Amino acid sequence: MIIQPRVRGFICLTAHPEGTAQHVKNQIEYVKSKGKIANGPKKVLVVGASTGFGLASRITAAFGSDAATIGVFFEKPAAPGKPATAGWYNSAAFEQEAHAAGLYAKSINGDAFSDEVKAKTIELIKQDLGQIDLVVYSLASPRRTHPKTGVLHSSVLKPIGQPFTDKTVDFHSGVVSDITINPVESEEDIANTVAVMGGEDWKFWMEALKEAGVLAEGVKTVAYSYIGPELTYPIYRNGTIGRAKDDLEATVPVINDILKDINGVSYVSVNKALVTQSSSAIPVVPLYISLLYKVMKEKGIHEGTIEQMQRLFAERLYTADGQIPVDDKGRIRVDDLEMRQDVQEEVAKLWKEATTENLEEISDIVGYRNDFFNLFGFNFPEINYEAETNEVVNVPSIT
Ligand code: NAD
Ligand code: NA
């Protein structure tokens with residue numbers, strides 16, 4: 001079929017198999033161009049491996065460190081006449097490239113929050129890899145069925161305390177407007193968001209893996225967080241999602257305790273704001289990202305997901321002397337360039353000026369949009385989007 005973007009709100013309903021494969025190839029090429037990561041991981045589990053930071057982590061482990069990788073994700077395969085989700089095509093392309101390079105790569109497509117998928121993953125590790133030495137936890141989801149209670153928790157993206165009014169952009173039309181977001185009405189909204197995006201499931205994974213004996217001596221695990229500038233605090237760090245991130249960060253010592261007797265260690269890495277399927281759904285944030293991109297590109301310090309994850313592995317998790325640089329709260333920071341004072345001062349100034357009329361000029365809304373379409377395999381100059389393509393791709397290593 002001929003596959004073109006079909007956009008509804010902040011999601012794109014279609015994805016292009018060859019375009020997503022191009023996106024994956026470009027990321028692989030970037031990682032290869034940086035050379036091998038000394039003392040990198042060898043057997044890696046990535047939970048949330050199909051898009052965004054998780055996919056970039058998997059690519060970095062495989063092509064930067066020759067690692068065998070198992071990916072877990074929740075994606076839809078194609079049916080005739082109906083393309084797969086971008087994450088499914090990404091994973092298919094990744095596995096084809098990994099296999100061609102002689103690297104082990106298999107994936108489990110299912111609900112990572114469930115006990116079943118954890119058990120299936122453990123079986124696969126036992127069968128194929130024995131033990132793993134790195135677990136990357138990179139889930140982003142709007143809901144979670146709790147495996148013990150069966151309760152379905154839905155997260156909300158809201159401020160806590162008072163309503164928040166600020167600028168936002170519809171990144172498709174480029175219209176800048178004011179938006180007021182009402183605060184949560186109950187503690188339950190906060191608790192639900194923490195249940196979905198907090199640290200409990202990460203802990204459940206590490207407990208199950210540890211108990212099954214599939215974690216190697218000295219195992220590392222890392223999950224991803226965000227802080228960002230004061231202007232997004234009401235909706236992000238001081239809002240419901242921020243409470244979930246506080247909880248995720250508070251899970252680090254809990255997991256360290258689980259891993260103590262095998263000398264394992266857990267980290268949260270605070271990453272840069274980037275265009276992903278998850279971040280495009282947060283009000284106010286797309287306008288911030290488009291201004292941030294403009295400033296960081298002008299300064300020559302812009303990074304995408306793959307640059308971030310390559311740097312996380314090469315300059316944080318696996319340094320030559322084995323020391324992992326962290327902040328005063330024990331967190332890894334690869335948002336260091338985003339948070340630089342000169343960058344934030346310029347973004348704050350542009351934020352005050354931004355209007356529908358000057359948006360194209362003062363922001364990188366064009367780059368934002370391009371990155372958004374790239375997530376679904378569109379806007380790649382190498383691909384002819386008028387041509388017929390096979391929507392159904394078969395990759396037996398994804399089960
Ligand atoms: P993403 O939407 O690109 O990736 C989410 C991944 O989770 C996908 O692989 C998806 O298949 C998987 N997933 C979702 N629900 C699942 C389920 N029930 N079972 C199995 N897999 C499931 O998101 P992202 O932006 O890469 O976010 C990953 C992490 O990084 C999140 O913790 C996020 O908060 C954090 N982070 C994001 C940003 C940003 O700007 N995007 C910045 C800093 C930190
Ligand atoms: Na991810």
Side-chain angles (χ1 to χ4, degrees), residues 10-11 15 20 23 45-59 70-77 84-91 94 107-118 120-121 136-147 152-155 157 193 196-199 201-202 204-205 222-228 232 236-237 240-242 244-249 251 268-282 285-286 288-290 292-293 303-306 308-309 312 331-335 338-339 368 371-372 374-376 398:
F10 49 75
I11 60 166
T20 46
H23 196 201
L45 170 64
V46 181
V47 182
S50 55
T51 56
F53 284 115
L55 174 66
S57 303
R58 191 179 192 185
I59 291 171
I70 291 176
V72 177
F73 45 75
F74 208 16
E75 301 289 350
K76 270 208 186 74
T85 53
W88 200 93
Y89 284 141
N90 286 339
S91 302
F94 168 81
S107 294
I108 291 169
N109 187 14
D111 180 6
F113 295 128
S114 71
D115 290 341
E116 291 77 7
V117 163
K118 290 182 178 76
K120 217 176 143 186
T121 306
V136 174
Y137 187 84
S138 186
L139 287 187
S141 173
R143 62 192 71 84
R144 169 184 177 219
T145 301
H146 196 284
L152 175 65
H153 299 279
S154 293
S155 67
L157 287 166
T193 307
V196 179
M197 288 297 285
D201 183 60
W202 184 26
F204 283 175
W205 268 101
V222 63
Y224 300 139
S225 190
Y226 183 66
I227 299 175
T232 64
Y236 199 96
R237 196 66 208 207
T240 50
I241 180 71
K245 291 304 183 191
D246 291 345
D247 184 73
L248 184 81
E249 292 171 21
T251 306
V268 156
S269 171
V270 183
N271 299 344
K272 178 193 183 193
L274 282 168
V275 182
T276 66
Q277 293 186 42
S278 301
S279 67
S280 57
I282 308 176
V285 167
Y288 167 70
I289 293 180
S290 55
L292 179 73
Y293 274 27
E303 295 174 302
T305 38
I306 195 65
Q308 278 270 293
M309 294 301 94
L312 169 66
R331 302 173 296 203
I332 294 173
R333 305 295 296 263
V334 286
D335 65 339
E338 168 181 358
M339 297 315 290
Y368 188 105
D371 277 9
F372 178 80
N374 282 180
L375 296 176
F376 303 90
I398 303 177

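Throughout, residue positions are numbered sequentially from 1 according to the sequence presented. Keep in mind the model is a prediction, meaning the values are calculated, not measured. Each ligand, and each atom within it, is numbered from 1 in the order the structure gives.
Polar contact check, Tyr226 against ligand 1: no nitrogen or oxygen pair lies under 3.5 Å apart. Taking distance alone, with nitrogen or oxygen atoms compared against 3.5 Å, Glu75 approaches ligand 1 more closely than that limit. Considering backbone and side-chain N/O atoms, Gln277 never comes within less than 3.5 Å of an N/O atom of ligand 1. Among the atoms of Gly110, some N or O lies under 3.5 angstrom from an N or O of ligand 1. Between Ser278 and ligand 1, at least one pair of N/O atoms sits closer than 3.5 Å. Geometrically, ligand 1 and Ala112 share a nitrogen or oxygen pair separated by less than 3.5 Å.
In this structure, Tyr368 and Tyr293 have tilted ring planes: the angle between them lies in the 30° to 60° band.
Between the side chain of Trp205 and the backbone N or O of Ala112, at least one donor-acceptor pair lies under 3.5 Å. A distance-only check finds no donor-acceptor pair linking the side chain of Arg237 to the backbone of Thr232 [under 3.5 Å]. A distance-only check finds no donor-acceptor pair linking the side chain of Ser269 to the backbone of Asn271 [under 3.5 Å]. Thr193 places no side-chain N or O within donor-acceptor distance of the main-chain N or O of Ile241, the cut-off being under 3.5 Å. Put simply, the side chain of Glu338 gets close to the backbone of Ala273: a donor and an acceptor are under 3.5 Å apart. Distance alone, capped at 3.5 Å, places no donor-acceptor pair between the Ser50 side chain and the Ser91 backbone.
Taking every non-hydrogen atom of Ser50 and a distance limit under 4.0 Å, the qualifying atoms of ligand 1 come out as 8 (C), 9 (O), 10 (C), 11 (O). In the vicinity of Phe113, heavy-atom distances shorter than 4.0 Å reach the ligand 1 atoms 18 (N). Close approach to Ser225 involves these atoms of ligand 1, each under 4.0 Å from a residue heavy atom: 43 (C), 44 (C). Near Thr276, meaning under 4.0 Å from any of its heavy atoms, are these atoms of ligand 1: 3 (O), 24 (P), 25 (O), 41 (N). Those atoms of ligand 1 that come under 4.0 Å of a heavy atom in Gly52, given as number and element, are 3 (O), 26 (O). Under a 4.0 Å criterion applied to the non-hydrogen atoms of Lys245, ligand 1 contributes the atoms 31 (C), 32 (O), 33 (C), 34 (O). Atoms of ligand 1 lying under 4.0 Å from at least one heavy atom of Ser279, given by number and element, are 40 (O), 41 (N). For ligand 1 and Asp111, the ligand atoms under 4.0 Å from any heavy atom of the residue are 17 (C), 18 (N), 19 (N).
Ligand 1 is never approached by Gly87 to a heavy-atom distance shorter than 4.0 Å. Residue contacts with ligand 1 leave out Arg143, since none of its heavy atoms falls under 4.0 Å from the ligand. Using 4.0 Å as the threshold, Ser114 has no heavy atom nearer than that to any atom of ligand 1. Ligand 1 lies less than 4.0 angstrom from a heavy atom belonging to Lys272.
Checked against Tyr137 for a side-chain contact (heavy atoms from CB on, under 4.5 Å), the options Val268, Asp201, Val72 give a single hit: Asp201. With Ser225 as the fixed residue, the side chain to side chain donor-acceptor pair (under 3.5 Å) test singles out one of Lys245, Arg333, Arg331, Glu249: Glu249.
Atom OG1 of residue Thr305 and atom CD1 of residue Ile59 lie 8.0 Å apart, to the nearest 0.5 angstrom. Between atom CG of residue Asn90 and atom CG of residue Leu375 there is a gap of 8.5 Å, rounded to the nearest 0.5 Å. In this structure, CE on Met309 lies 9.0 Å from CD on Glu303, to the nearest 0.5 angstrom.
Of the candidates Phe74, Trp88, Tyr137, Phe74 brings a heavy atom nearest to atom 16 (C) of ligand 1. Remark: among candidates Tyr224, Trp202, Phe53, the nearest residue to atom 37 (C) of ligand 1 is Phe53, based on non-hydrogen atoms. Closest heavy-atom approach to atom 6 (C) of ligand 1 among the candidates Ala49, Ser138, Gly54: Ser138.
In this model, a donor atom of one side chain and an acceptor atom of the other lie less than 3.5 Å apart for Tyr224 and Ser57.
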